[in-house]
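Step one of this worksheet: look at the structure below.
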2 protein chains.
Amino acid sequence: MVVDRSSRLDRVFHALAHPARRAILRQLSVGERNLSELASPLQMTFPAASKHVRVLEGARLVRRRVAGRQHLCRLQAAPLRDAVLWTEQFRRHWEARFQALDALLEELKSEERLRPRRS
Amino acid sequence: MVVDRSSRLDRVFHALAHPARRAILRQLSVGERNLSELASPLQMTFPAASKHVRVLEGARLVRRRVAGRQHLCRLQAAPLRDAVLWTEQFRRHWEARFQALDALLEELKSEERLRPRRS
DNA sequence: TCGGTCTACTACCATATAGTTTAGTATACC
DNA sequence: GGTATACTAAACTATATGGTAGTAGACCGA
């Protein structure tokens with residue numbers, strides 16, 4: 001099985017795996033913000049927050065434009081759609097009805113196994 | 001802003017951030033597998049693969065039961081639902097109509113911010 | 001029951017990447 | 001120029017990833 005290391009999906013999921021970065025995305029969902037605005041609510045130094053923004057940029061979840069000394073960041077949600085699409089392939093596994101159906105099938109199968117019809 | 005480090009969501013997204021682990025989940029979506037079966041298609045040693053399974057267990061995406069010398073793994077998809085639910089909050093951002101509208105609004109707002117009206 | 005094999009684990013090492021802090025650079029404003 | 005603001009770069013620690021070597025337990029055939 002070929003494992004495409006450092007693919008786009010890797011970067012997106014990795015970007016989402018840190019609460020600070022998820023907090024940044026939530027802030028950006030409201031609208032454009034500069035780095036200081038993004039950093040101030042986080043309990044860490046400015047450079048740490050800046051690096052988290054960089055990770056989000058690497059995952060193409062954030063785009064930045066420089067305006068004077070400010071770096072204005074904007075949400076780019078398209079990669080999130082890809083992440084959801086990948087995860088959705090397991091939807092049937094977490095839906096209760098399917099699980100119930102699964103259980104029923106298993107029950108029938110094991111009955112079949114225990115009491116095979118004579119030919 | 002309080003950032004709940006090492007939360008459940010952190011572990012789930014981190015677990016999904018590696019192609020080998022995603023490949024393992026895809027295998028398990030078909031049905032129960034033991035570690036050898038999970039490891040063999042991956043281009044890495046058995047211990048490396050075993051560690052990936054352990055990461056998936058830590059995220060509660062995989063449950064293991066021991067049967068003789070085999071460790072049988074089964075998919076637990078519920079945490080994937082949580083991941084999707086978190087991501088879905090951005091759905092409107094990746095849907096085209098909203099993006100166009102959003103872009104227009106942001107353009108107006110940032111103009112306002114960079115060139116504040118004199119009172 | 002004994003040895004061989006299969007399945008999986010642990011321990012340890014090397015390397016790469018993540019995450020954070022301290023120190024430094026550039027831009028705007030007075 | 002001087003100073004505050006906005007951000008970057010370098011450096012350092014912690015964690016992740018993947019390898020090798022050795023161990024333990026279950027199964028199987030002679």
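Here is how names work: the chains are called A, B, and so on, in the same order as the sequence lines, proteins then strands, and each is numbered from 1. All heavy atoms count here, side chains included; hydrogens, waters and symmetry mates do not. Model, not experiment: these values are computed from the prediction.
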Listing request: all ring pair (Phe, Tyr, Trp, His ring centres under 6.0 Å) pairs with a residue in residues 21-41 of chain B, at least two apart in sequence or in separate chains.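 Pairs touching residues 21-41 of chain B that pass the test: none.
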Please check if the side chain of Gln76(A) supplies one atom and the backbone of Arg60(A) the other of a donor-acceptor pair under 3.5 Å.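 No; judged by distance alone, with no hydrogens or angles, the pair does not exist.
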Can you tell me how far [atom2] of [N] sits from [atom1] of [X], to the nearest Å?
X        : N       : atom1 : atom2 : value
His18(B) : dG18(D) : NE2   : C1'   : 9 Å
Ile24(B) : dG18(D) : CD1   : C1'   : 13 Å
Arg11(A) : dA18(C) : CZ    : P     : 10 Å
Asp10(B) : dT15(D) : CG    : C1'   : 14 Å
Leu42(A) : dG19(C) : CG    : C1'   : 13 Å
Arg21(A) : dA18(C) : CZ    : P     : 8 Å
His14(B) : dA18(C) : NE2   : P     : 10 Å
Lys51(B) : dG19(D) : NZ    : C1'   : 8 Å

Taking distance alone, no hydrogens or angles, what donor-acceptor pairs closer than 3.5 Å link side-chain atoms of residues 28-36 of chain B to residues at least two apart or in another chain?
unit_1	atom_1	unit_2	atom_2	d
Ser29(B)	OG	Arg26(B)	O	2.6
Glu32(B)	OE1	Arg65(B)	NH2	3.0
Glu32(B)	OE2	Arg65(B)	NE	2.9
Glu32(B)	OE2	Arg65(B)	NH2	3.4
Asn34(B)	OD1	Ser36(B)	N	3.2
Asn34(B)	OD1	Glu37(B)	N	2.8
Asn34(B)	ND2	Gln70(B)	OE1	2.5

Mind checking what makes side chain to side chain contact (heavy atoms under 4.5 Å, CB included) contact with [X], not counting sequence neighbours?
X        : answer
Thr87(B) : Leu80(A), Val84(A), Phe13(B), Trp94(B)
Ala59(A) : Arg11(A), Val12(A), Ala15(A), Leu61(A)
Ala78(B) : Arg81(B)

Salt bridge (Lys or Arg N to Asp or Glu O under 4.0 Å) involving Glu57(B) - partner list, sequence neighbours excluded: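 So Glu57(B) forms a salt bridge (Lys or Arg N to Asp or Glu O under 4.0 Å) with Arg64(B).
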Which residues satisfy the salt bridge (Lys or Arg N to Asp or Glu O under 4.0 Å) test with Arg91(B), sequence neighbours excluded?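 Arg91(B) satisfies salt bridge (Lys or Arg N to Asp or Glu O under 4.0 Å) with Glu88(B), Glu95(B) only.
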Rounded to 10°, tell me the angle between the two end axes of the helix from dT1(C)-dA30(D) to dC30(C)-dG1(D), each built from five pairs.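 The two end axes of the helix from dT1(C)-dA30(D) to dC30(C)-dG1(D) meet at 10°.
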Within the 4.0 Å heavy-atom criterion, would you say Ala48(B) contacts the bases, only the backbone, or no part of the nucleic acid?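 The answer is sugar-phosphate, as Ala48(B) gets under 4.0 Å only of primed atoms, P, OP1 or OP2.
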Between dA16(D) and His52(B), is there an OP1 or OP2 to side-chain N/O distance shorter than 4.0 Å?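 No, outside the criterion.
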At less than 4.0 Å, is any side-chain N or O atom of Thr45(B) found next to OP1 or OP2 of dG19(D)? Yes or no.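 For dG19(D), OP1/OP2 do have a side-chain N/O of Thr45(B) under 4.0 Å.
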Per-nucleotide protein contact string for nucleotides 4-9 of chain D (B base, S sugar-phosphate only, - none; heavy atom under 4.0 Å): BBSBBB
So, applying side-chain contact (heavy atoms from CB on, under 4.5 Å) with Leu56(A), which one of Val62(A), Leu38(A), Leu16(A) is it?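 Looking at Val62(A), Leu38(A), Leu16(A), the match for Leu56(A) under the side-chain contact (heavy atoms from CB on, under 4.5 Å) is Val62(A).
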